[in-house]
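Proteins get letters first, then strands, A, B, ... in listed order; numbering begins at 1 in each. As a basis for the values below, the full set of heavy atoms in this structure was taken, side chains included, without hydrogen atoms, waters or symmetry mates.
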Amino acid sequence: MALDHQFVLSLASCQLSTLCSCVCDCQSSCVCVNSRLFIHKQVSSFYRWKNYWIRGVLSLAMIFGFFLIIYMGPITLILVVMSVQIKCFQEIITIGYRVYHSYELPWFRTLSWYFLICVNYFFYGETVADYFGALVQREEPLQFLARYHRFISFALYLAGFCMFVLSLVKKHYRLQFYMFAWTHVTLLIVVTQSHLVIQNLFEGMIWFIVPISIVICNDIMAYLFGFFFGRTPLIKLSPKKTWEGFIGGFFSTVVFGFILAYLLSQFQYFVCPVGYNSETNSFTIECEPSDIFVMQEYTLPAAIQNTLRWKTVNLYPFQIHSIFLSSFGSLIGPFGGFFASGFKRAFKIKDFANTIPGHGGIMDRFDCQYLMATFTHVYIASFIRYMVFTHMLHGCRLKWNCHYWLFL
Amino acid sequence: MEGEGDGDSKADTPDVPLSSADTDNTPQCLNKALEGLPPRWKNYWIRGVLSLAMIFGFFLIIYMGPITLILVVMSVQIKCFQEIITIGYRVYHSYELPWFRTLSWYFLICVNYFFYGETVADYFGALVQREEPLQFLARYHRFISFALYLAGFCMFVLSLVKKHYRLQFYMFAWTHVTLLIVVTQSHLVIQNLFEGMIWFIVPISIVICNDIMAYLFGFFFGRTPLIKLSPKKTWEGFIGGFFSTVVFGFILAYLLSQFQYFVCPVGYNSETNSFTIECEPSDIFVMQEYTLPAAIQNTLRWKTVNLYPFQIHSIFLSSFGSLIGPFGGFFASGFKRAFKIKDFANTIPGHGGIMDRFDCQYLMATFTHVYIASFISLYLYYIAVVNIMMSTPLHLSVSFQRI
């Protein structure tokens, strides 16, 4: 219902206090209705600003919380990643229950959580065996668990699988299979990628901070660019996204990532792999920084030399890597968000949950992060850590083969 | 944020329309030979003849060597994938989403590329080092696989059509669960194969034997039903199958452990560019003398017995295959009842689809792989040590000497 322009002009002369009396003393219903509409418009715009304020305050609170947990160190980070994973899993499973009205299958809640614990046990057990090798070697029960880790994990998973088969009830076969598949796909998405985040973290906290900051920055920048300059819609799935926001977000994120990489590469606390000192029983983050975190001189290509009149520039190689990470996060990362939007439209839900006021559930905040975490892990494995060496050692069959590759 | 009403959830789960899976598929020659028999006997004869044909085919491909085996495993995997995806299409009437067929096959190719690339890089290290393009592919293997997968993911997101969101997400999930089950486990079968063909033959034979023995015991002695999911299975068949499979596995292990062809890991000889299966047999394939416990000594009046240690392992493999393996079959039965289909497909006359024959094999293959990794193959332990060495630069020195 649009306000009639003439009546607006006539009411514009009223001060706010007299407006109330206009309403009270009104004779003509048109004036009453229009003044109520005017108040309604004021009040609704107040509520809209209130929504923006809530979103803004919560955004700042989350960013501050992010800095806080970084300050508190790697153990806190691992615990936070685990809690985020558990909350995301619970949100997605709850949606599954509601879609399929599966409340009357009591076994299934237990089984879903059991599978979550099994898969987490498998992944974190592998991580602990890898990174805390010295600790594992010392303790006898841990040695047993590490040696037969895969068998124990498999046996635990099998027990859950057999329980599922035994729990199949005649009238609910299809529902039970759907929930089984729903649980497994959720595990595949949520647990494996949180595990990749933890592995990135162990490479060095910078590999945890920079990707997450890139995604946060891209979110905020694309939103701001879209807010001020947005005109052309980007994709039917998310009608609020615009091409202007997308491209503006891309360039600002690349610049932001470049600067952030410069700032963080100077500190050992961020750059060194997280190590475990078995004597002092604590985490140590001290090392000789790897080559990519040592300032190097790069000769600029001739074209830029003429424009800027600099011959060389001092950069950390990690800043070059950050450009690739930022590009991925801005160009491909949003597809994770579109996937989640499609999912929400498919199942006709507005948000994954209602945990964070103004933002929705935890999963709403982390949907773009997952693709970024996987990409960062693959990037490290392919370009930073030279994993092919360990792959060749997999080919150890005969003893001579092992020695050949080791002393390559 | 309310879920759908009952009507919608029923629309999500329509009945699978009856289709070609239920029509007769037997070859004409068999039909003619069995013309005179009553239908039930005809069915038994067809099942019997096809069972023997499949077992003969199994022996044939073992004779033809590891390359043939790998190709057969890959074809079985592709056929199982195709059967399960076709069921998904029929359940969700997804024929009118043409992109999705392409995307499902594309994801299958991506995941296969990832797994087989890792295997090739592992086992054919020498070959990879020689060829320049292979070196590039091996070095950036994970990145290339991830990029290929991402391309498919982005295509899926771009292909979402307004009225079909839910259907498309269901097919996406269906494809991924199928990939998880079918492709990862066929990859484990190939890894078992590379440990030595005995690790491929014995588990598969155990499952085949358990199937046949449980069926025969159930046919002759069966009385007490085992589980509501499969009303034809009986406790007598289950227990009889267990004992006969353990004995069969024990004897088969004895027979196969004597030949290098089965026992040695499949190696690749880079000079002659061929597969070699020659080695010094590992300790578990060398006959050893075991002292019998006192109780058995008194009854049998033997003090010691000569066994291959692998025969002891085969007892554990047989026990798993007979006791836990059938749960894979029950899972498949539940799946067929849930989606109201009789068989996965109609590829093998009298038996159903390829998936019907292989549903118990998958659990067995995974168990065998985990068994080898945990109890047999110490090389994985070494790999864990090397991983520690590679990942934490502080711990470089010690582990080198140990290996």
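In terms of non-hydrogen atom pairs under 4.5 Å with chain A, the most contact-rich of B:V177, B:V157, B:I227, B:I144 is B:V157. The candidate with the highest count of non-hydrogen atom pairs below 4.5 Å against chain B, out of A:W182, A:Y148, A:F339, A:F338, is A:F339.
Only the side chain of B:F320 has a heavy atom closer than 4.5 Å to any heavy atom of chain A. Heavy atoms of B:T366 lying under 4.5 Å from chain A belong to its backbone as well as its side chain. Looking at B:F143, the atoms closer than 4.5 Å to chain A (heavy atoms on both sides) sit in the backbone and in the side chain alike. Using a 4.5 Å cut-off between heavy atoms, B:F172 touches chain A through its side chain atoms alone. For A:S290, no part lies under 4.5 angstrom from a heavy atom of chain B. In this structure, the portion of A:L188 lying under 4.5 Å from any heavy atom of chain B is its side chain and not its backbone.
For A:E288, the CD atom counts as loosely surrounded, since its 6.0 Å shell holds 12 or fewer non-hydrogen atoms of other residues, nucleotides or ligands.
A donor and an acceptor atom, one from each side chain of A:Y379 and A:H321, are located under 3.5 Å apart.
Ring-centre distance between A:F343 and A:F347: below the 6.0 Å cut-off. Taking the six-membered ring wherever Trp is involved, the centroid distance between the rings of A:F154 and B:H369 does not fall below 6.0 Å. Taking the six-membered ring where the residue is Trp, the centroids of B:F327 and A:F161 are separated by 6.0 Å or more.
With rounding to the nearest 0.5 angstrom, the OG atom of A:S167 is 11.0 Å from the NE2 atom of A:H172.
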